[in-house]
Amino acid sequence: TTTTTTTGVGSWETGDPNDSCDTICSTAGSSCNADSSMAIQSEADVFFAADQAGVTCTRSSSTSDASAPGVVINGLDVNCFYRSDAGSGFSCSAANPAGQRFCCCGDACPLAA
């Protein structure tokens, strides 16, 4: 059973490869919440955010890339990646040409508890 900690009404969204969180959230009618987006720092959190955004991860990895959290899909391999460091280098405007970002749009987004 997964429990959630809900602190606001933000939502986890994803877009196309090379979309920034600014673009993804604008499309969703909102704005990027950098604090919540950069809080994804574990497999449990990235799997939860992915599920909320409609993605089912098959594995996870950590990275310090400014586009984390996100997912790279290669056939049946769905590698969800999360931040290995709290906030360092995170950017709502960063994009990943090989992957899709997970973005908190609006108020604070829930994380796995």
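This is a predicted model, so every value here is computed, not measured. Position 1 is the first residue of the sequence, and the numbers go up from there.
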Closest non-hydrogen atom pair between [X] and [Y], with its separation:
X      : Y     : value
Ala112 : Ala44 : CB-O, 3.6 Å
Asn18  : Ala95 : O-CB, 3.3 Å
Pro69  : Ser37 : CD-O, 3.3 Å
Gln41  : Tyr82 : C-CD1, 3.4 Å
Val71  : Ile73 : CG2-CG1, 3.8 Å
Ile40  : Ala49 : CD1-CB, 4.0 Å

Response to the item:
Ser26 meets the side chain to side chain contact (heavy atoms under 4.5 Å, CB included) criterion, sequence neighbours left out, with none

Worksheet item: side chain to side chain donor-acceptor pair (under 3.5 Å) with Asp77: which residues, sequence neighbours excluded?
Response: Arg59

Residues 98-105 side chain polar contacts: donor-acceptor under 3.5 Å, at least two apart:
unit_1	atom_1	unit_2	atom_2	d
Gln100	NE2	Gly15	O	2.8
Arg101	NE	Ser67	O	3.1
Arg101	NH1	Ser91	O	2.8
Arg101	NH1	Ala94	O	2.6
Arg101	NH2	Ala66	O	3.2
Arg101	NH2	Ser91	O	2.9

Could you grab the distance from atom [atom1] of [X] to atom [atom2] of [Y], nearest 0.5 Å is fine?
X     : Y      : atom1 : atom2 : value
Ser42 : Leu111 : OG    : CG    : 8.0 Å
Ser11 : Asp107 : OG    : CG    : 10.0 Å
Ser60 : Asn79  : OG    : CG    : 7.0 Å

Item to complete: Treating Ile, Leu, Val, Met, Phe, Trp and Tyr as nodes and any side-chain heavy-atom pair under 4.5 angstrom as an edge, say whether Trp12 and Phe81 lie in one connected cluster.
Response: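 No: no chain of side-chain contacts under 4.5 Å links Trp12 to Phe81.
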
Worksheet item: Counting N and O atoms only, with roles assigned by atom type, does the side chain of Ser62 sit under 3.5 Å from a partner on the main chain of Ser84, one being a donor and the other an acceptor?
Response: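 Not a single qualifying donor-acceptor pair exists.
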
Discussion item. Determine whether a donor-acceptor pair (N or O, by modelled atom type, separation under 3.5 Å) exists between the side chain of Arg83 and the backbone of Asp65.
Written reply: yes

Item to complete: In sequence, state the C-alpha distance, the side-chain angles, and the governing distance for Cys32 and Cys92, and then conclude on disulfide bond (SG atoms under 2.5 Å apart).
Response: CA-CA 6 Å; Cys32 173; Cys92 284; 2.0 Å; yes

Practice prompt. Please say which of Thr56, Val72, Val55 ends up in a side chain to side chain contact (heavy atoms under 4.5 Å, CB included) with Val78.
Written response: Val55

